[in-house]
Structure formats: C-alpha cells, structure tokens
2 protein chains.
Amino acid sequence: MVARTQEQRKAETRRRLIDAAADLFARKGYAGVSAEAVADAADRTTGALYKHFGGKEGLLLALLEVWKEETVEVLTAAFERMPALDERLTAIWRSLNGAQGRRGDAWLLLEMELWLQGVRDPVMAEPLAERYRDIRRRLGEGLRDWAEQTGAPLRHAPDDAAALVLGLIVGAAVQHRLDPSTMPDDLLLAGLADLIGTPSAARRQPD
Amino acid sequence: MVARTQEQRKAETRRRLIDAAADLFARKGYAGVSAEAVADAADRTTGALYKHFGGKEGLLLALLEVWKEETVEVLTAAFERMPALDERLTAIWRSLNGAQGRRGDAWLLLEMELWLQGVRDPVMAEPLAERYRDIRRRLGEGLRDWAEQTGAPLRHAPDDAAALVLGLIVGAAVQHRLDPSTMPDDLLLAGLADLIGTPSAARRQPD
DNA sequence: GTCTATAGCAGGATAGAC
DNA sequence: GTCTATCCTGCTATAGAC
C-alpha cells in the first residue's frame, strides 16, 4: 500500500533519524556531526529532527535507549542460539567487531563514542551505566547457567566473572581495531577461558 | 630571572598549548573544542597555535607524540620502582584512572578520545598503533622479567600476555569509570592473575 | 614568535507555510 | 508532522603590526 497512516510515517521518520545518527555519530563523532547532516542522511530535515527529539542531544539520548535494547537482544540471541560457550563468546566478539548485524562495523566506535559522551554528560551517565549493568547481568546469567549445565565451576562469582569477561572483550576490541594481528580469536578465547575457569586455558607457551 | 631566551619562550608556549589541549580534548572531546579555546586556556592566542602546529589537527598529532612518551615513562616507572607484580599492576591501573600524575583524571578520557580519533583519521592511525605496540612491548618485557626472576611460568607468551593484560585493564577502566563498585581493585587483580598465571587467582567463589 | 583584528563560513535552533 | 528559509552565534584561518 502506498498511503500510510500518520503513525507509521512518524515512526519511520524516528527510526530513520536514529539509524542515521548511529551511523554518523560512530563514523564522525557526536560533536563532529551537524544536525543537518543527520537529517540529510535520514532523508528528512532539521525541522523533523527538532520536533521529534528537541535537538541533537535529545537524539543522542534516544539513540542510547535504542542501543540498550539492541545490545541485550544480541546477547540473548548469542546465548540462545549457540550451544557451546566458545561459540557464544565468539558471537559476542564478532558482533562487537561488526562482522555482522545491522550496525555493520560501527558497533565498537559507537560504543566508545557513547561511553565518552556518557562520561562527560551527567544527563547521559545514568542510562549508560544502566546499559552496562544490563549487559553484565545478562552475561552473568549466561555464565551461571553454563556452569550449572556443564558442572564446571566458575572461577569467580557470576557478576564478577561477567565484569571481567566484558572488560577483556572491550579492551581486546580496542586493540583489535588498531591492529587485528595482536588479538587473534584464539588468544581472546584463551584469555576468556582463564577468567572463566575453563580448563583448556593455555594457547601458546613461551619456550 | 625575568628575561628568557626566545628558545625558552617558544618551548614554553608549545608545552602550554599541548597541556591545554590534553586537558580540553579529554574533557570536551577534540571536535568539541575550538582552537581558540585551547589557545585561551594556554594563555596564548590562535596566532601562536597556528605558527606552532599549523592548526588543530597538527596540535592533536603533537599531543599524541608527547602522550606516547609519557605513557612509556609511567610504565617504566611502575616496573622500576615497585618490587611486587601486584604493586606494579596496581600502579598502572591507578595512573590510568587518574589517582595521580600530571594529567589528573583525564588519562582514560584522553586515551579513548585519541583512540577514536586514531581509528577515524588515517593520519593518526599509525602513530596510535605504534603507541599500543610500545605499551605492549614494555608490558611484555616486564612480565617476562618477572617470570624469570620468580621462576613462575607465564600462562601465555609474553607478547600475548601483555595484550591480554592491557586489554583487561582498559576494559576494566571503562566500566570502572561508569560504576567503580563493579570493578574493585581486588577483582581486577584477580582477573589479571588469571591471565598471567599467578597461582592466587580466586577472589570470591559462588556458593 | 606572538598578538590583534577580521574575513568568510558553518552549524544550532526557530518561525511560519503547508 | 514535515519542510523552507533564516537569524545568530561561534569557529577556522589569515593578514599585518610589533
């Protein structure tokens, strides 16, 4: 059908603006992107942007909310669709590095861009901290379930294990982006196994 | 002495501009800071900034070079002045989180800001990648020396161990900044011990 | 080498038509 | 709800005095 309701048009405009913002903020940085550029990329105008979000900052906040939901979805998908722990962790790693998913390779950049904005802007700090809490909670549940099902003991409490695993994944991704060879998949998985307590920890020993 | 040579004035202006840039870029982001604001904070004018660095981008590059040197100095100091491995790692952790040092609490923010710029701007990518190589090399040497001196075996090759340790420290700092309670010192140290292979790995076990 | 002054341009935000 | 047109602010970069 060609004609759509106002409701649909409104929702699509909102989605287009947020998608465009996610892409541009990741690639050029929040401060480096004009409201006009976002509107253009979304095939709308600044007028629409201001009606929806009140300005660039409102758009950023809305993006953070959508981002929170998407992240939990990705985590849940990884834990529900993959049987082995290695596969689950690899799936999370891949989505962060943009090998798949609608955000392309913008995941990590957007992650860091939003983190920087959140650390600087009091208004964004709380939603961002909550996002990380959600991620850790989901990750911790996944690890605890895995430990229960396999009978393997976790080296740390689930919450702590989740914080460490998330930390290593993020720090590994930061290095990986600059120089992929320094953080190959098997090294990361070995490190994660160290943190979790999986027996097969060693990867490559020094002579 | 009141009168100084041209050489000294020039060097001081350069240093003041770079210091001001480090502070402002960390707090507000590169794109969010005008060349004029940097010049004002340094008690100089944009004229001086342009003569020295050719513009804001040149200033950013110069800052990255200085930053590279400072980081290696901090690492070296940590490894030379502290006896125990835990103390060394804690010292690195503290400097990243700004408990000490001339950069105050701007270390981590500047780290992430420069990383984002480096990932986005081809001109900055190589110096930034080199900076991380330097850090890993220095860290790897420190770990290898520690293993030799104590006789304790590393769980991974020194280069790999350094990449993992750096990764966890960075990822832990990212979370710590949003919510310090989720990444207490002893948890981080336990995680690092897991990666390095130190026996006393466990911190808190689930029931 | 550093300052003052300014030209030229771009972006955030809004008013009013549709 | 969205678009067109525009105001105003603030920035980069440079020219010229000292």
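Proteins come first, then strands; the chains are lettered A, B, ... in the order of their sequence lines, and each starts at number 1. What's counted below: heavy atoms across the whole structure, side chains too, no hydrogens, waters or symmetry copies.
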Please report, rounded to the nearest Å, how far the [atom2] atom of [N] is from the [atom1] atom of [X].
| X | N | atom1 | atom2 | answer |
| --- | --- | --- | --- | --- |
| A:Lys28 | C:dA10 | NZ | P | 14 Å |
| A:Lys56 | C:dA10 | NZ | C1' | 12 Å |
| A:Arg14 | D:dG1 | CZ | C1' | 14 Å |
| B:Arg44 | C:dG1 | CZ | C1' | 10 Å |
| A:Glu36 | D:dT2 | CD | C1' | 15 Å |
| B:Tyr30 | D:dT12 | OH | C1' | 11 Å |
| B:Leu59 | D:dT12 | CG | C1' | 14 Å |
| A:Glu12 | D:dG1 | CD | P | 15 Å |

Q: Would you classify B:Thr45 as touching base, sugar-phosphate or nothing, given that sugar-phosphate means primed atoms plus P, OP1 and OP2, and contacts are heavy atoms under 4.0 Å?
A: base

Q) How is A:Val38 classified with respect to the nucleic acid when contacts are heavy atoms under 4.0 Å: base, sugar-phosphate, or nothing? A) nothing

Q. Residues in salt bridge (Lys or Arg N to Asp or Glu O under 4.0 Å) with A:Asp159, at least two apart?
A. none

Q: Before giving the answer on side chain to side chain donor-acceptor pair (under 3.5 Å), spell out for A:Asp185 and A:Trp93 the whole-Å C-alpha distance, their side-chain angles and the decisive distance to 0.1 Å.
A: CA-CA 9 Å; A:Asp185 287 6; A:Trp93 171 244; 3.1 Å; yes

(Q) Are there over 12 heavy-atom neighbours, none belonging to A:Glu130, within less than 6.0 Å of that residue's CD? (A) yes

Q | DNA chain D contacts made by residues 46-54 of chain B, counting heavy atoms under 4.0 Å | A | B:Thr46, B:Tyr50

Q.
Using modelled atom types and a 3.5 Å cut-off, is there a donor and acceptor pairing between side-chain atoms of B:Lys56 and backbone atoms of B:Tyr30?
A. yes

Q.
So does B:Lys68 get a backbone contact from the side chain of B:Arg131, meaning a donor-acceptor N/O pair under 3.5 Å?
A. no

Q: Please say which of B:Leu143, B:Leu189, B:Leu192, B:Thr150 ends up in a side chain to side chain contact (heavy atoms under 4.5 Å, CB included) with B:Leu85.
A: B:Leu143

Q) Are A:Glu12 and A:Gln8 linked by a side-chain donor-acceptor pair shorter than 3.5 Å? A) no

Q. Between A:Val170 and B:Val170, does a side chain to side chain contact (heavy atoms under 4.5 Å, CB included) hold up when you go through it step by step?
A. CA-CA 8 Å; A:Val170 169; B:Val170 169; 5.6 Å; no

Q) Taking OP1 and OP2 of D:dT2, is either one under 4.0 Å from a side-chain nitrogen or oxygen of A:Thr13? A) yes

(Q) Between A:Ile196 and A:Trp146, is the side chain to side chain contact (heavy atoms under 4.5 Å, CB included) condition met? List the steps. (A) CA-CA 11 Å; A:Ile196 293 168; A:Trp146 170 83; 3.8 Å; yes

Q | Difference in axis direction between the ends of the helix from C:dG1-D:dC18 to C:dC18-D:dG1, five pairs, 10° | A | 10°

